[in-house]
Every structure is written in C-alpha cells, then in structure tokens.
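Here's the structure we're looking at; comments come further down.
The chains referred to below are lettered A, B, ... by the order of the sequence lines, with proteins before strands, and numbering in each begins at 1. In this text the structure is predicted, and so the values were computed from the model without any measurement.
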Protein chains: 2
Amino acid sequence: MKDKVTIYDISKKLNISAATVSRALNNNTKISLSTRELVLKTAKEMNYKQNRLAQALKSGKSNNVGVIVPYINRSFFSSVIRGIEEELTPHGYHVIICQTHENYKNEIEQINTLINTQIDGIFMSVSKTTINTEHIEKALAEGTPLVFFDRKKEVPGVSSVIIDDFKAGYLATQQLIGQGCKRIAHLSGDLNLEIYKNRHDGYTKALEDNNLEVDSNYIIKTNSKIESGASAIEELWKLKKKPDAIFSASDYTALGAIQELKKMGLKIPKDICVTGFSNEPFTKYMELPISTVDQTPQTMGKIAAQVFLEQMGENKKVSIEKKVVLTPELIIRESSNRSIKPVSA
Amino acid sequence: MKDKVTIYDISKKLNISAATVSRALNNNTKISLSTRELVLKTAKEMNYKQNRLAQALKSGKSNNVGVIVPYINRSFFSSVIRGIEEELTPHGYHVIICQTHENYKNEIEQINTLINTQIDGIFMSVSKTTINTEHIEKALAEGTPLVFFDRKKEVPGVSSVIIDDFKAGYLATQQLIGQGCKRIAHLSGDLNLEIYKNRHDGYTKALEDNNLEVDSNYIIKTNSKIESGASAIEELWKLKKKPDAIFSASDYTALGAIQELKKMGLKIPKDICVTGFSNEPFTKYMELPISTVDQTPQTMGKIAAQVFLEQMGENKKVSIEKKVVLTPELIIRESSNRSIKPVSA
DNA sequence: TTGTATGCGTTATCAG
DNA sequence: CTGATAACGCATACAA
C-alpha cells in the first residue's frame, strides 16, 4: 500500500546524499551533530523504517536464526525455544521455527531451506530417526554455525548444550534404591539417541554400585507414549519376580505405567515406586504427584543462545567447539517417596 | 567460509548470461530445454543455493511471517503455532516467533521490528494489557496483512480466527445445570479480553435461559493461575449460599479450585461439579479428569494460515476481512459427570 | 531463445 | 564532514 520510505526519500527532502543519511542513522562514522539530529528527526517524521532485508543482503547477515525440533508444541521444546527467543531478541535476532516430526528427511529439508534464507545460525535437537550427519556437516561447510541442544550427535566443530543424562539416570535410580527398592525396572527410550542411552547407562551404573543385579528382562524399550508405559507393565508382570520400582525415561510412559499399576490394585509408592523424566507439567498436578527429572529447558535455551552469540563474536574462521553440560534436578514427589504421608492434593 | 556460489558463477562457467541462468532456475519463461537442463545440472554440481534474501529484496516478498503470542511455551499457543507452521511450510514460508509476555509495550516493539524485516504477514493473539490498537493500524497502513487468532481486537480490515467462546460458556454451564447444579459460580478472566467476556456472557445467558439467578457474588475475577483458583474458592465459601458448581474460564484456576475444594473435604462431582477451559494436557491425565473446553488450537492455526494465504492470493489492494469462528468442543469428564462411577485412572 | 542493463535499499570505499 | 559510486544476488523489461 503506502510506499515504503527509503533513505533516498530522506536525502532528497533534505538535499543531502543518501550516504549521509545512512551514516546518520547508524551514527557510527563521524558526522556533524546537527545533520545527524536533523536526519533522525525527519526520519521519524516521515515514518522511515530501515529495510533489514537490504541491510542483510549487503552485510551477509540476516539476523535470523533457525530452531529445528521434532514438534514445537511439546512442553520441553517450546520451553527451550522460549529461552532462545528471550536471550536472542535483545541482540536483534529473530527466531524461525521448524519441525521435523521426528523424520530424518524433513530434517534435511529444513536445514537446506534455512541455509537458503541466509540464516545466521541453527539450533537443533535431532530427530529420532536421524542416523547420518551428512546434512549437518554440509551446513557447517556452508559456514552456518550450529548448536545442538538436548539431542545431539557427535559432529566435529559443533557446540552442544545438554543435561547430564547419565547423572540423572543415576540419581533417579539411587533415590529409588534409597526407598528400599531392589528390583528396579527401566522403561527406556530409543537408544539411537544419546539421551536415552545415557539415562540407561546411569541406571545400570547405579544398580552396579549398589550390588544389584542388572537384569535385561527389566529393561523395556518404549516410545514415550502413555500406552507404551501400560504395555511395558503388562510385559514386566509376566516375569516371575515382579519389579518393586520403575524408572522411566519419559513422563508419559511413567504415567501409563502408573495407570496400569493402579488398575492392578497396587499402591504407589507403598508397593512400588515410580519415577519419570522431563518434569512435564502434569506430573506436578496429579493427585499422586510423579517424581521426575527437570531438564531446565528454558535455561538450556538461554545457554544455547549464549554459546551461539559467543561463536558469532569470535573471528568466525575458527569454529570453536563448546560442550555445555547442565546439571539435571531430580524432583522427588509422592510417587517415589515413602517417607511422607500422602496428602490428597 | 566457502564462498557462496551465485548465478554469476554459473553463468561464467557456462559462458552464458546470468539472466539466462536465472530464467533456467525459475523455469517459467521460455527457455531451451537443453540449456535449462545444463544449468540445473551444473547448479547442482557447483552446490548452488539460491539466496532468498536477494530474491526477497528484489520481489519485496520475504516469505517470512511473524507470530506474536504472550508466551510460546503455553500449550495452547505452541499448538496454534504448530498448526500455522505445518500449513505454511509447504508454501515456502518460514515462521518467526515473538513473545510479548502479556506486555503491551513489548507487543508494539515486536510488531515494529517485524515490519522492519519486511515480514509478509503477522499472526497474533493480543496481550492482556493491550487496550489501544494504534500499533496494529500502523502495521496495516504499512501494508502488512494481519490475522488475529483467539484473542482479537476490533480493527477494521483485520481477519480473525477464534472459537465461539459464548457458545462454549453456554454449553459448559448448560451441562452443569444438567447435572442438577443450581448455584453455579464463574471464575472469570480479564474481561478486557473478548474471549473472557464472551465466556462470561455465555455463562449468564445459560443461567437466564434456565431461570437461574445471576448473582454477581458468584462471579470471581481470576488471573489464570492455580493459586487464583484456590483463593477464589476461599472467597466463595464466605458466602451464605455456597455454590454447587464451578465454571472456570481457565484450566489452571479450575485445578486450583479443585485442590482447595478437596482440602475442604468436598467430593467432586458429588458435592460440587467443576469445569475448566482450554483442554490443557493435565486435565486429561488427572486421577480425577477435569471437564473442559477444547479450542482445537492446531486447527485454529491451520485456518489462520489459510486465511492469510487467501489474502495473499487476492490482489492485495483490497483488504478483505474474514471472520472465522470455530466451534469449541465441550469435553465432559469426571469432574462434572455424576452419572458415571469414578474409576481410578 | 538469449543477452544487456537496471534496480530492489543499504552500506562501504573512495574522493573531495 | 560529506558526496558520488559500486556492490550485495537476483529478476525483469527491453533489445537483439
């Protein structure tokens, strides 16, 4: 509609050159105070808006970053994105979001179109089906810095911000042992992802350190869905020795497990303790609040953004690789706490 | 790092003009099949990536849209964004996200910087503190199409996609009446927002239609927080005639109310029925699942995107104004259903 | 069908 | 301190 006003329009009106107007607007080079103020004033009067596109083309910097996640409406991911946005907005960056739907092919596609739009950086959590890292290496070769968060792959030159999933698995299991549990089952996720592998390893290490047997029958692979938790319990209850605790790598499977256990008439935490993972909002609100591990997603996003900013600050020739590992927080609630009286919420 | 390859590089290598390369790449104008294939082939070989920034500057179309919401990590908003992303990505658009933190000043700021980046359109849910609509009118005057979703303001020429909050309030209240409830309290939100006003109005209309008195003492303003729901109950219980049902405009206040009611020893739904709003994930997972209203956020996002696409298709001179009203779905769960036996989940 | 020239809005590099 | 000019990468009107 209304034609956008450019520095040219201002220069004409003021009978000065566009270059001068540009300088006045960016107030870096030496320029007379009087003309600068004049330019600033008339710019405002004429409702001038800088065209960031032209500026981006000229400078090669778009001031946009891309965030690639499996699904944006998952509590964890949207919280990370919130952290990224809040850290980057004050620095003039905009955040573009992309979803992979846990699909490797989409992930490649998203990276490519992001690169085409001259993105300044990419934040990503790889999808479950991602095995190869060629697409990531290509992005790097293209000169686009990349930061992994939570779900990472080993790629030289790529920074990452994760939590210590091993420690989280260890602490959670240790706490269950502390409640007197001896036969602790683990509902695991896709071991193709490091996070699930590490939670699993932390779990087994805790068992070993406490001289408890690691029984592969007690380790069930699940897919982070509620139903998956219920069927895992069914499977476990076919065993001769039933578990007396469940450490689930996901809150959803933990919930499904709890629902199934209750259906079978078991009392939680008296008969069996349960701990989940991720601190999904619902775990806190249940009448039987579920113990879980908080991954501090918002902080994770903020740190990832800071790592990116650092990277942009350096002379970008060297790709400094920074590995940040955040400490997870075990949140002990009623589902794994036998020492408190259950108070109905 | 590696220098980006341009159409110029291709043209040099092939001894043809850059214009021809451009045409071949966009395969619209008449061009010989042989050269087009040659260009396409060598483009791939040279790992050519189209610079969408330059293209955007040239065409005046950035292929980016902005989405402005209070907080991105709220289930409702992230689901709407998911819908928008999924509808727009196939059309080559990227989605930029902005948060207002329910702050009017931030909202203005966000709109302005979005316009500076030559965004092609804006989707937004206004913040609670937004009264004035000048900033929105300015965006329109600038030529940027805008689509409201859920939380809208009356601005001429702006399309919107919302749910029928009046109907939702009416249906929810009606259902409570159907359970035999006669003294239904309403935990309302900020009436500055149309959505809360409409839920409120639907509530009162249902009462009137059933010859039940509308008692202003039964209408408590809350802020969508859990604690707010608890204190609302405290306040209501100071009344001589206690309510026998609660229709809350938010799931969080409904949850707070339920917690407080249980603390006081009341049985839900026997002694009192409760219905919330938004279908937050936790309402489904509770041991006492909470009745609520589903706003079909993902669909809302998809429709909003479609309205935008239509708008872009038309000759953009006329700002067609489209008002879409989606039908909410009342989800009746145990907290307001006296006819089913409570089955512990 | 293809090439030449120009401009999108900025900024950087020169002169002056 | 300021002005003219080129360039970022692409797409189009026009000419050939």
When we call it a touch if two heavy atoms are under 4.0 Å apart, what does A/Ile16 touch: a base, just sugar-phosphate, or nothing?
sugar-phosphate

Specify the separation, in whole Å, of atom [atom1] of [X] and atom [atom2] of [N].
X: A/Lys12; N: C/dG9; atom1: NZ; atom2: C1'; result: 13 Å
X: A/Ile31; N: D/dT2; atom1: CD1; atom2: C1'; result: 8 Å
X: A/Gln118; N: D/dG9; atom1: CD; atom2: C1'; result: 9 Å
X: A/Asp9; N: C/dG9; atom1: CG; atom2: P; result: 9 Å
X: A/Asn116; N: D/dG9; atom1: CG; atom2: C1'; result: 13 Å
X: A/Met46; N: C/dG9; atom1: CE; atom2: P; result: 13 Å
X: B/Leu57; N: D/dA7; atom1: CG; atom2: P; result: 17 Å

Could you name each residue pair satisfying salt bridge (charged side-chain N to carboxylate O under 4.0 Å, His left out) that touches [range], not counting sequence neighbours?
range: residues 113-124 of chain A; result: A/Lys61-A/Asp120
range: residues 103-119 of chain A; result: none
range: residues 64-86 of chain A; result: A/Arg82-A/Glu86, A/Glu86-A/Lys302

Regarding A/Gln55 and A/Ser59, do their side chains bring together a donor and an acceptor under 3.5 Å, going by distance alone?
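No donor-acceptor contact under 3.5 Å links the two side chains.
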
Residues forming a salt bridge (charged side-chain N to carboxylate O under 4.0 Å, His left out) with [X], sequence neighbours excluded:
X: A/Glu102; value: A/Arg151
X: B/Lys44; value: none
X: B/Glu134; value: none
X: A/Lys49; value: none

Count the heavy atoms belonging to other residues, nucleotides or ligands that lie under 6.0 Å from NZ of A/Lys322, then report whether that count exceeds 12.
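Counting other residues, nucleotides and ligands, NZ of A/Lys322 stays at 12 neighbours or fewer.
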
Nucleic acid footprint by protein, nucleotides 10-16 of chain D - heavy-atom cut-off 4.0 Å, B for base, S for sugar-phosphate alone:
BBBB---

Check DNA chain D against residues 32-41 of chain A and give the residues with a non-hydrogen atom under 4.0 Å, in numerical order.
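Contacting residues: A/Ser32, A/Thr35.
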
Using side-chain hydrogen bond (donor to acceptor under 3.5 Å, both in side chains) as the criterion, list what pairs up with B/Lys128, not counting sequence neighbours.
none

Can you list every pair that meets ring-ring contact (aromatic ring centres under 6.0 Å, His included) and has a residue in residues 45-86 of chain B, with sequence neighbours left out?
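Applying ring-ring contact (aromatic ring centres under 6.0 Å, His included) to every pair that reaches into residues 45-86 of chain B, excluding sequence neighbours, yields B/Tyr71-B/His101.
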
In degrees, rounded to 10°, what is the bend between the two ends of the helix from C/dT1-D/dA16 to C/dG16-D/dC1, using five pairs at each?
40°

